[in-house]
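What follows is a set of notes on a single structure, which appears directly below.
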Amino acid sequence: MARSYRYLHYDVFTDHLFGGNQLAVVLDGRGLAADTMQAIAKEMSFSETTFVLPPEQPDTDARMRIFTPAQELPMAGHPTIGSTFALARAGILAPGRARFTFGLGVGPVPVDLTWNGDDLTFVWMTQARPTFSEPFTDHARAASALSLPPGAVAGTALPTQVVSCGVPFLFVPLTTRSAVDNASVNRAALDDLLTGSASGAHGVFIFSAEPGGDRATVYSRMFAPELGVAEDPATGSASGPLGCYLVRHKVVAPERAGAMLSLQGVKMGRPSHVHISIGVEQGETARVRVGGEAVLAGEGILYV
């Protein structure tokens with residue numbers, strides 16, 4: 001006989017319905033095998049689906065597993081933030097609680113909560129300090145993977161580089177927001193580029209620091225076809241490394257690093273506002289946080 005599993009559907013990194021990045025949160029994943037979780041994530045066809053489980057370590061409050069339609073991830077940003085909102089909605093997090101710690105594949109990951117009365121309004125996720133690969137020097141190769149002219153990359157005078165705060169991404173700076181919008185993945189060239197990086201990068205994150213008529217520090221997109229995600233409307237696990245990249249390469253001054261904003265997903269029609277806060281002490285990254293809002297879009301029951 002099939003068992004029933006309740007899930008909540010959230011739009012994450014947005015303050016309004018049908019923006020941001022979609023997420024399905026299975027509030028109690030006990031009894032589900034990993035291959036069944038994977039099948040559910042494929043059925044949902046969102047960038048990620050999460051499964052909340054009892055804690056496995058004494059310094060955590062819950063275990064959480066995160067799946068794209070193609071594979072499990074050790075950590076991710078919008079699933080962590082969206083799942084926090086789901087647990088608050090379900091009454092599992094008491095109103096006013098300041099901190100909650102998930103056990104993820106990378107270990108304990110704390111989130112800090114902001115409330116307005118009984119309503120959770122904002123969540124900050126703490127990520128690991130960054131690791132940086134050696135920069136790429138072949139701008140033409142990176143541009144080819146994005147179906148762009150070489151000058152769209154080379155004209156920034158910034159490096160193409162893999163950075164990780166738990167999940168590695170290849171960061172490619174572009175000269176203009178138009179170049180970001182015009183990018184189109186050349187799958188064979190991108191696979192070759194990611195393989196050549198020898199870093200295990202899970203996707204390519206492109207961005208421009210060109211100012212626009214908004215508050216965004218950068219305008220961005222992310223592609224991860226190998227994860228079953230052709231394009232992601234908001235990528236929290238890439239946004240922490242993005243902030244670290246912007247500070248290291250002096251796109252953002254250290255005194256402004258505590259309040260950055262990545263505007264992602266516009267080209268998809270799902271604008272996402274990903275807040276980034278990098279703490280810098282004596283010239284080194286001391287703290288990495290990614291934050292945002294989330295909106296409940298619906299709920300349902302799975303029969304498995």
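These numbers were taken from a predicted model, which means no experiment stands behind them.
In this structure, Phe46 has its ring center under 6.0 Å from that of His9. Taking the six-membered ring where the residue is Trp, the centroids of Tyr7 and Tyr5 are separated by 6.0 Å or more. Taking the centre of each ring, Phe67 and Phe51 come in below the 6.0 Å mark.
Ring geometry, His275 versus Trp124: the interplanar angle exceeds 60°, so the pair is classed perpendicular (tilted spans 30 to 60°).
Residue pairs meeting the salt bridge (Lys or Arg N to Asp or Glu O under 4.0 Å) criterion with at least one partner in residues 16-32, sequence neighbours excluded, are Asp28-Arg30. Identified under the ring-ring contact (aromatic ring centres under 6.0 Å, His included) test for residues 139-187, with sequence neighbours left out: Phe171-Phe205.
Considering only heavy atoms from C-beta on, Thr114 stays 4.5 Å or farther from Val123 through its side chain. At least one side-chain heavy atom of Pro130 sits less than 4.5 Å from a side-chain heavy atom of Val288. Counting only heavy atoms from C-beta outward, the side chains of Ser220 and Leu263 never approach each other to under 4.5 Å. A 4.5 Å side-chain heavy-atom check between Met64 and Ile66 finds at least one atom pair inside the cut-off. The side-chain heavy atoms of Asp232 and Arg270, taken from C-beta on, include no pair separated by under 4.5 Å. Here the side chains of Gln264 and Met222 are in contact, with some heavy-atom distance below 4.5 Å. Side-chain contact between Leu227 and Leu73: present, with at least one pair of heavy atoms (C-beta onward) separated by less than 4.5 Å. Side-chain contact between Val204 and Leu193: absent, with no pair of heavy atoms (C-beta onward) separated by less than 4.5 Å.
At a threshold of 4.5 Å between side-chain heavy atoms, the hydrophobic network of Ile, Leu, Val, Met, Phe, Trp and Tyr places Val180 and Phe13 in two separate groups. A continuous path of Ile, Leu, Val, Met, Phe, Trp and Tyr side chains, each step under 4.5 Å between heavy atoms, connects Val111 with Trp115, placing both in one hydrophobic cluster. When the side chains of ILVMFWY residues are joined at heavy-atom separations under 4.5 Å, either directly or via intervening members, Val52 and Val106 end up in a single hydrophobic cluster. Under a hydrophobic clustering in which Ile, Leu, Val, Met, Phe, Trp and Tyr are joined whenever their side-chain heavy atoms come within less than 4.5 Å, directly or via other members, Leu148 and Phe207 fall into different clusters. Linking Ile, Leu, Val, Met, Phe, Trp and Tyr whenever their side-chain heavy atoms come within less than 4.5 Å leaves Phe102 and Val26 in two separate clusters.
Within 6.0 Å of CZ in Arg63 there are more than 12 heavy atoms belonging to other residues, nucleotides or ligands. Annotation: Asp118, atom CG; neighbour count of heavy atoms from other residues, nucleotides and ligands within 6.0 Å does not exceed 12. Within a 6.0 Å sphere centred on CD of Glu43, other residues, nucleotides and ligands contribute 12 heavy atoms or fewer. Residue-environment remark: CZ (Arg129) stays at or below the threshold of 12 foreign heavy atoms within 6.0 Å. Around the CD atom of Glu284, the shell of radius 6.0 Å holds no more than 12 heavy atoms that belong to other residues, nucleotides or ligands. Around the CD atom of Gln57, the shell of radius 6.0 Å holds more than 12 heavy atoms that belong to other residues, nucleotides or ligands.
Side-chain contact, Ser83 with Thr50: a donor N or O sits under 3.5 Å from an acceptor N or O. With no hydrogens or angles considered, no side-chain donor-acceptor pair links Thr14 and Glu293 at under 3.5 Å. Between the side chains of Glu48 and His78, at least one donor N or O lies within less than 3.5 Å of an accepting N or O.
The two atoms that bring Pro74 and Val167 nearest to each other are CG-CG2, 4.0 Å, heavy atoms only. Closest non-hydrogen pair, Gly236 versus Gln127, comes out as O-NE2, 3.0 Å. Closest non-hydrogen pair, Pro150 versus Ala143, comes out as CA-CB, 3.7 Å. Taking all atoms of both residues into account, the shortest heavy-atom contact from Tyr10 to Ala86 is CE1-CA, 3.6 Å. Among all heavy-atom pairs drawn from Ile276 and Ser239, the shortest one is CD1-O, 3.4 Å. The two residues Glu210 and Arg177 make their nearest non-hydrogen contact at OE1-N, 2.7 Å.
The OG1 atom of Thr80 sits 11.0 Å away from the CZ atom of Phe100 when rounded to the nearest 0.5 Å. In this structure, the separation between OG on Ser184 and CG on Leu146 is 9.0 Å, given to the nearest 0.5 Å. Interatomic distance, Ile206 CD1 to Tyr219 OH, rounded to the nearest 0.5 Å: 9.5 Å. We find the CG-CD distance between Leu27 and Glu299 to be 8.5 Å, quoted to the nearest 0.5 Å. A distance of 11.5 Å separates CG of Leu120 from CZ of Arg89, quoted to the nearest 0.5 Å. The CG atom of Leu87 sits 6.5 Å away from the OG1 atom of Thr84 when rounded to the nearest 0.5 Å.
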Would Phe223 and Val229 satisfy side chain to side chain contact (heavy atoms under 4.5 Å, CB included), going step by step from the backbone distance to the final call?
CA-CA 7 Å; Phe223 309 99; Val229 181; over 6 Å; no

Passes side chain to side chain contact (heavy atoms under 4.5 Å, CB included), Leu302 versus Met44? Steps please.
CA-CA 11 Å; Leu302 287 164; Met44 290 296 182; 3.9 Å; yes

Can Thr126 and Val290 be said to form a side chain to side chain contact (heavy atoms under 4.5 Å, CB included), step by step?
CA-CA 7 Å; Thr126 297; Val290 171; over 6 Å; no

Carefully, step by step, assess Asn21 and Asp11 under the rule side chain to side chain donor-acceptor pair (under 3.5 Å).
CA-CA 5 Å; Asn21 200 353; Asp11 291 336; over 6 Å; no

Derivation of the side chain to side chain contact (heavy atoms under 4.5 Å, CB included) call for Leu190 and Asn186
CA-CA 6 Å; Leu190 178 60; Asn186 177 329; 5.9 Å; no

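Remark: side-chain polar atoms of Gln38 are paired, donor with acceptor, to backbone N or O of Thr68 under 3.5 angstrom. In this structure, Ser277 contributes its side chain and Gly258 its backbone to a donor-acceptor pair below 3.5 Å. For Tyr245 (side chain) and Gln161 (main-chain N/O), no donor-acceptor pair under 3.5 Å exists by modelled atom type. Using modelled atom types, no side-chain atom of Thr235 and backbone atom of Ala238 make a donor-acceptor pair closer than 3.5 Å. For the pair Asp214 (side chain) and Ala216 (backbone), a donor-acceptor distance under 3.5 Å is present. Panel note: side chain Gln22, backbone Pro233; no donor-acceptor pair is recorded below 3.5 Å. With hydrogens and angles disregarded, a donor-acceptor distance shorter than 3.5 Å links the side chain of Thr195 to the backbone of Asp191.
By the 4.0 Å N-to-carboxylate-O rule, Asp112 lies too far from Arg97 to be salt-bridged with it. Here Arg141 pairs with Asp192 in a salt bridge; the nearest charged N to carboxylate O distance falls below 4.0 Å. Using a cutoff of 4.0 Å between basic side-chain nitrogens and carboxylate oxygens, Asp181 and Arg221 are not scored as salt-bridged. Remark: Asp61 does not engage Arg99 in a salt bridge, criterion side-chain N to carboxylate O under 4.0 Å.
When each of Val251, Thr217, Val218, Ile278 is paired with Leu242, the side-chain contact (heavy atoms from CB on, under 4.5 Å) condition holds for Val218 and for no other.
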